[in-house]
Every structure is written in C-alpha cells, then in structure tokens.
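Not measured: the values here are computed from a predicted model. Both ligands and their constituent atoms are indexed starting at 1 by order of listing. For reference, positions follow the sequence shown, starting with 1.
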Amino acid sequence: MGRSLTRKLIEAHLVLGKPVAGEEIGISIDQVLLTDTNGTMSFLQFEAMGLERVVPARVVTYADHNVYQFDSRNSDDHRYLQTASRRYGAVFSKPGNGICHQVHVETFSVPGQTLLGTDSHTPLCGSAGMLAIGAGSLDVAVAMGGGPYFFTMPAVVRVWLTGALRPWVTAKDVILELLRRLSVKGGAGKVFEYDGPGLASLLLAQRMTIANMGAELTLTTSVFPSDEVTRSYLSRLGRGGDWRPQAADDDAAYDDQIDLDLSTIEPLVALPGSPDRVVPVSEVAGTPVEQVMVGSCTNGSWHDMASVTSVLRGRRVDPSVSFVLFPGSHRILSTMAREGLLADLLAAGATVSEPTCGSCAGIGHVPAAGTKSLRAFNRNFPGRSGVKDDEVYLCSSLVAAASALTGTITDPRTLGDEPDVQLPEAFAASDVGFVRPDAQGDVVRGPNIKGVPLGEPVAETIEAPVLLKLGDKISTDDISPAGSAVLVFRSNIPAISEFTFRYVDAELPARARAAGRGIIVAGEHYGQGSSREVAAIAPMHLGVRAVIARSFARIHRANLINWGIAPLVFDEAAALAGIERDDPLRLEGLRAALVAGARVPVLNTRTGASFTTSCVLTPREREILLAGGLLALTKQRGG
Ligand code: MIC
Ligand code: SF4
C-alpha cells in the first residue's frame, strides 16, 4: 500500500514514536513562525530556558497583529521582538510587511519541509506542500531550541475534489461548505489532504484560503500536493528554485475520504457567532450591513484583492457602507499599486489598509454597537470584533464586494458575468520589510515586558469552587478576548489576566482571586480557535488548577498541560448537568491518580454527588503536568 503525502512528510521528519493514528509522535521542525501577539512569550520562554541561538534553519518573527502601534506598549513588544530576533538568529518582519502566513508562504515556504507557528492559522503553508502546524508559545520555544514538536498522530482524510467552481463561487465557499457539513469540531484529530481531478483548477491563493481556514474545523493541519500550480506561484515570486514536487502515492492508504464536487457549491455565508453557522447567501440576502471587509490571512491574497477590484471597477461603494480591504502582504500591496488596482479601489470609495491582521483580531474598525459587519475573514466568535454582542457575518471576497455596492448582503450572481482576474507575470519584489539577524546588539526590554510566570506542581488533592460553568464550543476568544485593549498586555500576564472571560463573565477574575484556587467546568470542544497560550497562563495565574470538560481542542489542551492545569474529561457527559457555579469540588488523590493513569474521582460537597473524570496522558505529558508545566519541569531539571 502506498503512502499519503501527510504520512510521507511526517515520516521524513519523525524523531520519536510510531505514526499510528492516536499515538504521540515527535517531529523535527525545519521552520518556525512567530507573531507579535504570541511570539513575545515564546522568546521570553526561550530565554527562560537558557537558550541562546535558534536551531532551525529558518525562524521568522512577524510584527503583524498590532501594526498600528496604538500604544507604546505595542512598540515595546515589537522592539523586544526585533532585538531578540537579531540576537538569537531570527529574521524580523517589520510592521507593515504583512500578515505572517501570507508573507511566509510568499517568502519562505519550501514544499516538503515542516513549519511550526505560534498562530493557529499556520496551516496556510500546507497549501504549498508543507506540513505546517499551529501550537502554543512554549512548544514553539522548544522547537526554536531544536527540540521536536510532539502531537498526536492524526487520522489522514483524503478530500477528493472533482468538478470545478462555478462563476462567483470561491475557495472560501469550499471551506464554508466543509464547515457547514462538519462543524467547528469536525476536523479534531485529523489532517485533510486534498487530491483529485478538481485540484488542478485551484490556484495557490485558493488553496491557501482552504488550508488556512481548515483551522476553523480544528484540523491538525491541511495538506495540498506541490504541483505545477505551486511551481507557477513560486516562479511568479522569483522563487522557482525552491519548488520541488510533493505528492501522495497513487495507491496511498487513507483513514477516511470526503468527496466534494466543486461544481455543486454555491456562495455561502456564516451567521454571527461561529464560522460553522453556514447558510446559502440567498437565505440572508437583503440584510443591511454597515461595514464590509476583505482581508485577513484567509482572504488577503492578490487573487482576493484583484477579484474585488474587478467587481468594483467603474462602480461605487454604497455611501452607507464602510468598505475596508487588508492586503495580506507588502508584496501584494506593491503589486496592487504597480498594476493600478489601488487607484480603481480608491475611486470606487473603498479604503485600503496597510497589510495587517487589524480588525480581524479586533484591532481597529470596531463596529458600532448594534450594527452588522460582513467580513471576508475567518472567525466571528462573539466579541472578537472588539464590541460585546457584535454581529459579524463571514463570506467570500466576492460576496463582500457585491454587498459593499448595495449596502445589504448580496448574492454576487445577481451582478451578471463574473469578471476575469489576471495573475501578474511577476509579483513586486519585496525585501524592504525584513531585518536579517547578525547575532549582535542587546535585547531591549521596555517597561511592558514582564517576566514569565511559573506553574506549580499538581497538588495531591484539590478542593476548590467551580468558578465558571460553561457550555459547548468555548473558544480561546471567550477565555482571553482579542481587541487592542487586551492584546497590548500579551507580555504582561498579571495585567492581561484581568480580562479573562471578560465577555462571558467580567466578575470571574475577582471571584478567582477571592477563592485562591478554582476549577472550570465546560461542555464539548473547550478551547477551540486561536492558539493563544494566554488562555491557559492567565487562568493559571488566577488560580485555576483543573478544567473539567466533555472534550478539549488540541492546541488548548497542550497549553493547559504546559502550564500545569489538569485537563480532565467527564467519564459520564451527563455529570456536567449536576454542577452549578460556586459548587465546591473535591478531587481526592488527583496527583496519585494522574501518576497511576487512573480515573480521578470528584465529589461535589454541596450536593454530595460524585462522578469520575479521566485524563489520558502520554508519559511525556504526565511528567510536564505533574511538575506544574514545561517551564517548571525545565527549572526542576536545572535548565
Ligand atoms: C487569531 O486569529 O485568533 C489570532 C489572533 O491570530 C490568534 C493568535 C493570538 O491570539 O495571538 C491565533 O489564531 O492563534
Ligand atoms: Fe491575523 Fe486574523 Fe489571521 Fe489571526 S486569523 S493571524 S488575527 S489575520
């Protein structure tokens, strides 16, 4: 039996374990990507582990989220990142150079290599035949020091594409269709590997959209072969020499298969609240929207920008609408300027931002309270746009462009023939946004750079109140919100902890402090979404020592373990119903149970009811958790 491309990539990098679905494996990392929201912590942790030089051949730090530097604390973070990168051996990508994933695929992607990033959308580079995975800052810091990345060998699912997209239907609709079918937890523990006769018709930019937003399915990653489409893309970037073919064997074995006929897909929209609340655009057509946006790492490509321009050329954005485009990179923006797209967009009444994540993470362009925002972005978790009770719809760049013209959600098929979009012969060259390392200079720690906290060893027994009782699909945006007011504190744990669960229950930090120790209980898929490690560190700082849930999302579970918080799973899902907020729970013999790999008994001392929970750990995870997290373990070992 032949091998899938995913298996080939994993086997070529395997350093520990057996690649059997469900078992823990360790792989070597060729490239690392850091952002200005999570990368600061990675570098602080790298320093705290006593490391002095990055080991992977390519490590790149991106100042991409907080590009506007609203506050000197953002610039503090950037200065720390820039000086640490220079000193320890990472390339620094300056503010304005673009969103990490877009810039990385353009500048550094190499088919066949592995990439680990501090950001959950790192899988975008899977569009170019890489194995690209998002992880918490500490796991990334370990990889920067040359250590392997450990994760559970995923099930490999072949997504077999046939047919071709019809006019006005885009790659965004493909991934929204998968979200509609499978939900935000449909990809847990899986890799989607795309193949089939429909593949050749998808440009690299379209593959990027699909690979990127696979993060919303909670996939470990998505993988596309490296073929002629990849070669043509890299050649346009002047990087044809980095191309190499990557493909599955013809008789490759897969754990499962999904069939997708591209010609059956129609324009789709995700309703406010979650990227999987997907309906046909016709169902919401006519809904008034005050704000429309195209960009983010999902829709910031040249192809997205050019498609929108082709719709807007010679037309006018509805006066009631604020329409903002975020090109994904400096290179795309330069090419837009060279090819005349900027002039056309400005003439139509659109605003073009500098390349940044910006409003995708609630930084700038925050919608007015009670208004609706339509976005060709990837996430619409409640409050993420920067205002409580927001109403953010997700769509393709074509639905966005058509809607910007009318001021209401509009099916682009009502505009007649879809205009052609040309790819430029060559993208503008762009090296001005990078600073190369030279192992020189001092690392500058401005006043916003605080120390890295340390977890504490797991106690023999925990008796603590339930600080919060939550439902299903709690995202890391719920736990530690996005938005400029919060993101400014990513390198200041005491300060950012005060925002924990801000939009869910603003009293939580005070309650936690009063209790000293606490437990959180929740339903399924706890911790989905962003890889932000602060969603584990801040609760740890507030005294949370266990989360009991029906299930956990991969990156967040790893982050909890890395910070000494026990991720316990209800053995009987129904037990959650019998728990109320403030109930005192007693986890008798927790430590001994974790050591023995036994069930952890829980007694609710208010009701007298008891139930059991499980925490299935690998030996490596057990050692880390018991020590109080990876840094605590490193210190114990004298690191
Ligand atoms: C996001 O899209 O949620 C972010 C902001 O890029 C995060 C990273 C972070 O929270 O710092 C992510 O995707 O991991
Ligand atoms: Fe940036 Fe948004 Fe992409 Fe996150 S999802 S990396 S905030 S553009």
Under-4.0 Å salt bridge between [X] and [Y]:
X: R490; Y: E533; value: no
X: R445; Y: E47; value: yes
X: K473; Y: D478; value: no

Which donor-acceptor pairs under 3.5 Å do the side chains of residues 355-369 make with protein atoms, sequence neighbours left out?
{"unit_1": "T356", "atom_1": "OG1", "unit_2": "D64", "atom_2": "O", "d": "2.9"}
{"unit_1": "T356", "atom_1": "OG1", "unit_2": "G358", "atom_2": "N", "d": "3.0"}

Quick one: list whatever passes ring pair (Phe, Tyr, Trp, His ring centres under 6.0 Å) with H556, sequence neighbours left out.
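Residues passing ring pair (Phe, Tyr, Trp, His ring centres under 6.0 Å) with H556: Y526.
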Looking only at heavy atoms, is any part of R384 under 4.0 Å from ligand 2, and if so is it the side chain, the backbone, or both, or is it neither?
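For R384, the contact with ligand 2 is made by the side chain alone.
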Side chains of P272 and D390 in contact at under 4.5 Å (non-hydrogen atoms)
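P272 vs D390: side chains apart.
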So, with waters excluded, how many protein N/O/S atoms does atom 3 (Fe) of ligand 2 have closer than 2.8 Å?
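Considering protein N, O and S only, atom 3 (Fe) of ligand 2 has 1 within range.
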Below 30° counts as parallel, above 60° as perpendicular, anything between as tilted: where do the rings of F43 and F46 land?
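Perpendicular, since the angle between the ring planes exceeds 60°.
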Show me, by chain and number, every protein residue that has a heavy-atom distance under 4.0 Å to ligand 1.
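Within 4.0 Å of ligand 1, protein side: T37, N38, H65, D119, S120, H121, R379, R384, R490, S530, S531, R532.
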Which of these, Q528, H525, K190, sits in a side chain to side chain donor-acceptor pair (under 3.5 Å) with T218?
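Of the listed options, the one satisfying the test is H525.
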Centres of the F434 and F108 rings: under 6.0 Å?
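Judged by ring-centre distance (under 6.0 Å), F434 and F108 do meet the cut-off.
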Pick one: which of M208, M213, H101 meets side-chain contact (heavy atoms from CB on, under 4.5 Å) with T298?
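With T298 as partner, M208, M213, H101 yield a single side-chain contact (heavy atoms from CB on, under 4.5 Å), made by M213.
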